[in-house]
K.L.:
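This is the structure I want to talk about, given as structure tokens.
This one's a predicted model, so the numbers in the text were calculated from it and none came from an experiment. Atom set for the values below is all heavy atoms of this structure, side chains included, hydrogens, waters and symmetry mates excluded. A, B, ... follow the sequence lines: proteins, then strands. Residue 1 opens every chain.
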Amino acid sequence: MRDFYGVRLATPMMLGTARYPSPAVMEAAFRESGASVATVSLRREREGGQAFWDIVRALGIHVLPNTAGCHTAREAITTACMAREYFQTDWVKLEVIGHADTLQPDPFCLVEAAEALCADGFKVFPYTTEDQVLARRLVDAGCRVLMPWGAPIGSGQGLNNPRGLRALRAAFPNIPLVVDAGLGLPSHAAQVMQMGYDAVLLNTAVAEARDPAAMARAFALAAEAGAVASAAGPMPVRDMAQPSTPVIGRAWL
Amino acid sequence: MKIDVNGVPHDVDASTVEEALQILGWGGQRVATALNGTFVPAAARDKTALSPGDRLEVLTAMQGG
């Protein structure tokens with residue numbers, strides 16, 4: 001597995017902390033997932049912020065603050081600065097949303113924010129699309145991780161453009177790639193890892209499962225299976241059938 | 001002085017961000033602050049002056065994906 005800004009993750013799982021029925025269920029899901037990274041956010045102060053942060057910190061894994069809900073580079077940069085101070089990390093999952101319905105990234109503002117944050121010493125994990133030109137701009141800005149979407153956030157659709165994601169993997173062999181958003185089933189995670197990706201980032205698929213802890217385990221198993229398969233070298237796909245049993249020595253009956 | 005705190009109008013007798021946090025009950029608590037859309041580091045709160053109509057954001061950890 002490629003490293004994330006010098007950090008080698010123990011597992012290829014990044015898990016969100018939102019939408020669980022209770023903090024206890026969230027903790028159980030994290031345990032079962034074996035996640036190496038937990039995503040968090042910053043919102044207006046209300047009761048429980050410190051208690052929530054204590055729970056996340058006790059998980060003992062890397063924390064990745066997001067800039068969810070930001071629609072401009074300025075908002076995202078300010079949020080990232082606040083998160084760096086609050087969470088005491090220079091990692092940031094950079095989200096700059098361009099469309100309220102699809103939650104699609106705004107590629108122009110994303111690059112603008114990435115340039116500013118990388119120059120300020122942040123280790124940026126940009127939530128992006130599978131667009132290779134945009135990916136190049138983000139790498140040129142200083143990003144050393146790319147996180148293309150699989151499908152719209154929270155949709156559970158899986159990979160809408162697997163060919164595009166595969167092409168992105170081939171185009172950036174040295175950049176850690178994470179599919180972030182849109183995964184709904186463990187098989188989607190396996191598919192991502194089979195393509196040689198470095199991790200998956202998911203939240204709703206686990207948090208809104210009937211049994212989040214069991215689903216978290218299923219995702220962990222699938223991601224591991226996909227990673228092992230990728231390393232094992234999958235066979236090429238062929239257009240035509242090819243007998244697996246040797247033809248030579250067949251009886252004349 | 002009338003300022004907006006997290007989108008809600010407040011009348012606070014404070015001249016700096018630090019004083020406003022104390023008055024609003026967030027003194028010593030772990031929060032992140034921004035004034036009129038600009039990040040205010042914790043170390044700069046007692047030197048950051050407030051003006052009428054300012055928008056103060058006081059943020060804390062929240063669940064996120």
K.L.:
Is there a side-chain contact between B:Gln63 and A:Ser41, using heavy atoms and a 4.5 Å cut-off?
P.N.:
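In short, these two side chains do not touch, never coming nearer than 4.5 Å.
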
K.L.:
Taking atom CZ of A:Arg217 as the centre, report whether more than 12 heavy atoms of other residues, nucleotides or ligands fall under 6.0 Å from it.
P.N.:
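Count not over threshold, so no.
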
K.L.:
Under a 4.5 Å cutoff for heavy-atom pairs, which residue among A:Thr204, A:Asn203, A:Thr79 has the most contacts with chain B?
P.N.:
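Maximum pair count with chain B is reached by A:Asn203.
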
K.L.:
Do A:Tyr86 and B:Leu59 make a side-chain contact, defined as non-hydrogen atoms from C-beta onward lying under 4.5 Å apart?
P.N.:
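A side-chain contact is absent here, since even the closest heavy-atom pair is not under 4.5 Å.
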
K.L.:
Between atom CD1 of A:Ile77 and atom CZ of B:Phe39, what is the distance when rounded to the nearest 0.5 Å?
P.N.:
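These two atoms lie 13.5 Å from each other.
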
K.L.:
Which atom pair, heavy atoms only, marks the closest approach of A:Gly49 to B:Thr60?
P.N.:
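Taking every non-hydrogen atom into account, CA-OG1, 3.7 Å.
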
K.L.:
Applying a criterion of heavy atom separation less than 4.5 Å, what residues of residues 18-30 of chain B form contacts with chain A?
P.N.:
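Listed by number, the contacting residues are B:Trp26, B:Gln29, B:Arg30.
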
K.L.:
With a 3.5 Å distance limit and no angle check, can you tell me whether A:Arg44 reaches the backbone of B:Asn6 through a side-chain donor-acceptor pair?
P.N.:
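Side chain of A:Arg44 to backbone of B:Asn6: a pair is present.
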
K.L.:
Among A:Met82, A:Met14, A:Gln50, A:Arg19, who wins on heavy-atom pairs under 4.5 Å with chain B?
P.N.:
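Maximum pair count with chain B is reached by A:Met82.
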
K.L.:
Mark yes or no for whether A:Asn66, through its side chain, and B:Gly64, through its backbone, hold a donor-acceptor pair below 3.5 Å.
P.N.:
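A pair under 3.5 Å: no.
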
K.L.:
Would you mind telling me which of A:Ala38, A:Ala18, A:Gly16, A:Ala51 has the largest number of heavy-atom pairs within less than 4.5 Å of chain B?
P.N.:
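Result: the option with the highest number of such pairs is A:Ala18.
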
K.L.:
Using a cut-off of under 4.5 Å for heavy-atom pairs, which of B:Val58, B:Val40, B:Val5 has the most such pairs with chain A?
P.N.:
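Heavy-atom pairs under 4.5 Å are most numerous for B:Val58.
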
K.L.:
Heavy-atom distance under 4.5 Å between the side chains of A:Arg74 and B:Thr38, does that happen here?
P.N.:
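SC-SC contact between A:Arg74 and B:Thr38 confirmed.
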
K.L.:
Would you name the heavy atoms of A:Leu42 and B:Ala61 that are closest together and state the gap between them?
P.N.:
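The pair with the smallest heavy-atom distance is CD2-N, 3.9 Å.
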
K.L.:
With a 4.5 angstrom heavy-atom cut-off, is it the side chain or the backbone of A:Glu75 that approaches chain B, or both, or neither?
P.N.:
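Contact with chain B involves no heavy atom of A:Glu75 at all.
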
K.L.:
State whether the number of non-hydrogen atoms from other residues, nucleotides or ligands found under 6.0 Å of A:Tyr5 atom OH is greater than 12.
P.N.:
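Correct, the count exceeds 12.
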
K.L.:
Do other residues, nucleotides or ligands put more than 12 heavy atoms under 6.0 Å from the CG atom of B:Asp11?
P.N.:
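Counting neighbours around CG of B:Asp11, more than 12 heavy atoms of other residues, nucleotides or ligands fall under 6.0 Å, so yes.
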
